[in-house]
2 protein chains.
Amino acid sequence: MKVVPDPENQDATRNQLLEAAGEVFAEVGFRNATVRAICQRAGANIAAINYHFGDKETLYIEVLRYAHGKALEKHPLLLDVPETAAPEKKLRAFIHSLLLRVFEKGSHSWHGRLMSREMIEPTVALDALIEERIRPTHTALATIISEILKRPASDDCVILCVSSVFSQCVFYNHCRPAVVKLFPKLVPHDAASIENLAAHITKFSLAAMKDFSANIK
Amino acid sequence: MKVVPDPENQDATRNQLLEAAGEVFAEVGFRNATVRAICQRAGANIAAINYHFGDKETLYIEVLRYAHGKALEKHPLLLDVPETAAPEKKLRAFIHSLLLRVFEKGSHSWHGRLMSREMIEPTVALDALIEERIRPTHTALATIISEILKRPASDDCVILCVSSVFSQCVFYNHCRPAVVKLFPKLVPHDAASIENLAAHITKFSLAAMKDFSANIK
DNA sequence: TGACAATTAAAACAATTGTTTGAATTATGT
DNA sequence: ACATAATTCAAACAATTGTTTTAATTGTCA
């Protein structure tokens with residue numbers, strides 16, 4: 001029987017495989033990633049993936065789930081903002097948190113790229129990713145914007161503004177190579193510049209929506 | 001010696017390879033695309049790619065160049081707007097043209113996806129793509145926004161707004177699977193709905209920037 | 001027509017892929 | 001300490017990859 005003596009070192013190779021696979025998948029994509037490269041980076045044997053996960057595809061699905069949990073655990077949807085705060089403050093916190101995930105520098109900087117790849121080259125893991133991760137994020141943003149525009153969250157106008165705000169944040173995830181090449185100084189490099197970018201997107205969007213709620217009859 | 005009797009049917013297989021390769025590369029990416037699948041779709045022999053292009057990578061570079069030319073030929077940067085028009089009208093025309101390329105339905109609908117892939121998984125073709133295609137596009141947009149904000153095109157504020165506008169358009173290129181799944185009715189399906197989306201992005205951005213130019217000292 | 005270049009065709013090549021196998025090793029419970 | 005389950009390991013497997021080769025076919029000009 002399996003006993004659980006030390007949950008820390010439990011399944012050590014399994015966790016190392018998840019970490020290594022996350023990096024490799026983010027670097028070269030699912031199909032281009034070789035199990036040999038992953039196992040080598042994890043310091044494991046070639047057969048380790050099939051033993052612990054069954055096959056390469058199951059490993060990929062588990063990696064997405066793993067990265068998902070780690071990312072939201074580190075940067076919750078809203079940072080330090082009470083539920084009763086003004087929607088404008090919530091919007092700023094939401095944008096800031098999303099940008100922190102986009103520009104994550106730590107050992108899990110690969111999880112953003114992993115999501116971008118899943119958009120461009122969907123796999124069987126996409127549906128779960130959308131339902132478990134992206135939809136809750138959009139719902140949270142839609143709630144905030146619904147308050148700002150004073151219209152129901154299902155309103156076309158709210159949905160369009162959600163996309164407008166969201167797109168400005170994930171833009172740096174999907175077009176990083178171009179942004180780095182065209183506007184190097186636009187790419188945040190530390191916490192302060194991430195906050196600056198969050199300030200711009202917040203200001204830009206609030207100004208746009210202020211005009212919206214004023215002009216719409 | 002090679003003679004050129006009929007420039008239409010000249011290099012027929014070569015063109016068929018370019019078209020077929022464009023579709024396949026857009027569908028599954030460079031590494032996942034097999035020369036067998038491309039040649040089969042082009043109705044050519046397995047060895048045709050190596051004969052006409054040398055190798056698979058050269059074919060890919062040629063495909064990007066080919067798609068680039070076709071796309072801008074069909075949808076110029078500015079649609080039916082004179083050089084002397086108001087910058088607000090130019091902005092609307094620019095956004096509309098960009099969205100037309102993003103939602104292109106014709107036989108070259110794959111070229112947008114090809115660009116998205118190049119961002120996520122850069123190849124040797126990326127630098128040329130940025131310099132020959134993306135930089136001119138951004139420069140055109142920066143000129144328009146520079147007029148609207150009445151600030152030099154090199155101003156940080158202008159650059160940030162260029163990104164804000166641009167991101168709202170290409171968002172539908174990079175996150176199509178999620179948008180289709182989360183807000184199906186948001187995805188334009190004909191010329192009229194593309195124009196509606198262009199109207200929203202234009203209105204959203206103009207409202208934001210109007211506030212910008214008013215508040216910045 | 002006949003010689004020669006251009007193109008197409010089928011087959012085979014070497015390299016790499018994910019996966020499986022079966023033995024060796026380690027850890028665990030009594 | 002022993003028996004048993006869990007895990008690791010090296011080797012090999014079958015399938016697929018881009019490319020090359022060599023012959024057949026087509027087209028072109030003298």
Side-chain angles (χ1 to χ4, degrees), chain A residues 1-64 114 117 121 123-125, chain B residues 1-64 114 117 121 123-125:
Chain A
M1 320 289 180
K2 167 176 280 190
V3 184
V4 190
D6 184 5
E8 183 66 19
N9 277 8
Q10 180 71 7
D11 284 331
T13 36
R14 201 187 127 97
N15 282 332
Q16 282 161 1
L17 281 174
L18 284 173
E19 290 282 344
E23 298 174 11
V24 177
F25 282 143
E27 283 172 14
V28 301
F30 173 72
R31 292 279 297 273
N32 304 338
T34 69
V35 297
R36 283 168 176 81
I38 294 172
C39 290
Q40 184 183 358
R41 194 173 303 201
N45 183 266
I46 302 289
I49 287 179
N50 299 84
Y51 177 78
H52 285 279
F53 297 93
D55 58 6
K56 183 186 169 188
E57 189 175 65
T58 307
L59 167 65
Y60 179 75
I61 296 174
E62 290 297 319
V63 164
L64 269 188
L114 217 53
R117 286 191 172 279
E121 192 162 316
T123 72
V124 291
Chain B
M1 319 287 179
K2 168 177 279 190
V3 185
V4 189
D6 184 5
E8 183 67 18
N9 278 9
Q10 180 69 8
D11 283 331
T13 36
R14 201 186 128 98
N15 281 332
Q16 282 161 3
L17 281 175
L18 283 173
E19 291 282 344
E23 298 175 11
V24 177
F25 282 143
E27 284 172 14
V28 301
F30 173 71
R31 291 278 298 272
N32 303 339
T34 68
V35 297
R36 283 169 175 80
I38 294 172
C39 290
Q40 184 183 358
R41 193 173 303 201
N45 185 267
I46 303 288
I49 288 179
N50 298 85
Y51 178 76
H52 285 279
F53 297 93
D55 59 5
K56 184 184 168 188
E57 189 176 64
T58 306
L59 167 65
Y60 178 75
I61 297 175
E62 290 296 319
V63 164
L64 268 189
L114 217 53
R117 287 191 171 278
E121 191 163 315
T123 71
V124 290

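Letters A, B, ... are given to chains in the order of the sequence lines, protein chains preceding strands, and every chain is numbered from 1.
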Considering every strand and a 4.0 Å limit on heavy-atom distances, what is the contact class for B:Ala47: base, sugar-phosphate, or nothing? base
If you count the non-hydrogen atoms of other residues, nucleotides and ligands that lie under 6.0 Å from CZ in A:Arg41, is the total more than 12? yes
Closest listed nucleotide, where the reference is the side chain of B:Asn45 and the choices are D:dT7, D:dT8, C:dT8: C:dT8
Do you know the tightest heavy-atom contact between A:Glu62 and A:Arg14? OE1-NH2, 3.9 Å
Report yes if a side-chain nitrogen or oxygen of A:His52 is closer than 4.0 Å to either non-bridging phosphate oxygen (OP1 or OP2) of D:dT8; otherwise report no. yes
What's A:Ile49 touching, base or sugar-phosphate or nothing? Going by heavy atoms closer than 4.0 Å. nothing
Please name the pair of heavy atoms, one in A:Arg31 and one in A:Lys56, separated by the smallest distance, quoted to 0.1 Å. O-NZ, 3.6 Å
Given D:dT8, C:dT8, D:dG18, the nucleotide with the shortest approach to the side chain of B:Arg36: D:dG18
Minimum-distance nucleotide (side-chain atoms of A:Asn50 versus C:dT20, C:dT8, D:dT8): C:dT20
Measure from the side chain of A:Tyr51, starting at C-beta and using heavy atoms only, and say which of D:dT7, D:dG18, C:dT19 lies closest. D:dT7
Would you indicate what A:Ala33 reaches in the nucleic acid, counting non-hydrogen atoms under 4.0 angstrom: base, sugar-phosphate, or nothing? sugar-phosphate
Relative to the 5' end of DNA chain C, which residue comes earlier, B:Gly43 or A:Thr34, by the nucleotide with the nearest heavy atom? B:Gly43
Using atom CZ of B:Arg31 as one end and atom P of C:dG18 as the other, report the distance to the nearest whole Å. 10 Å
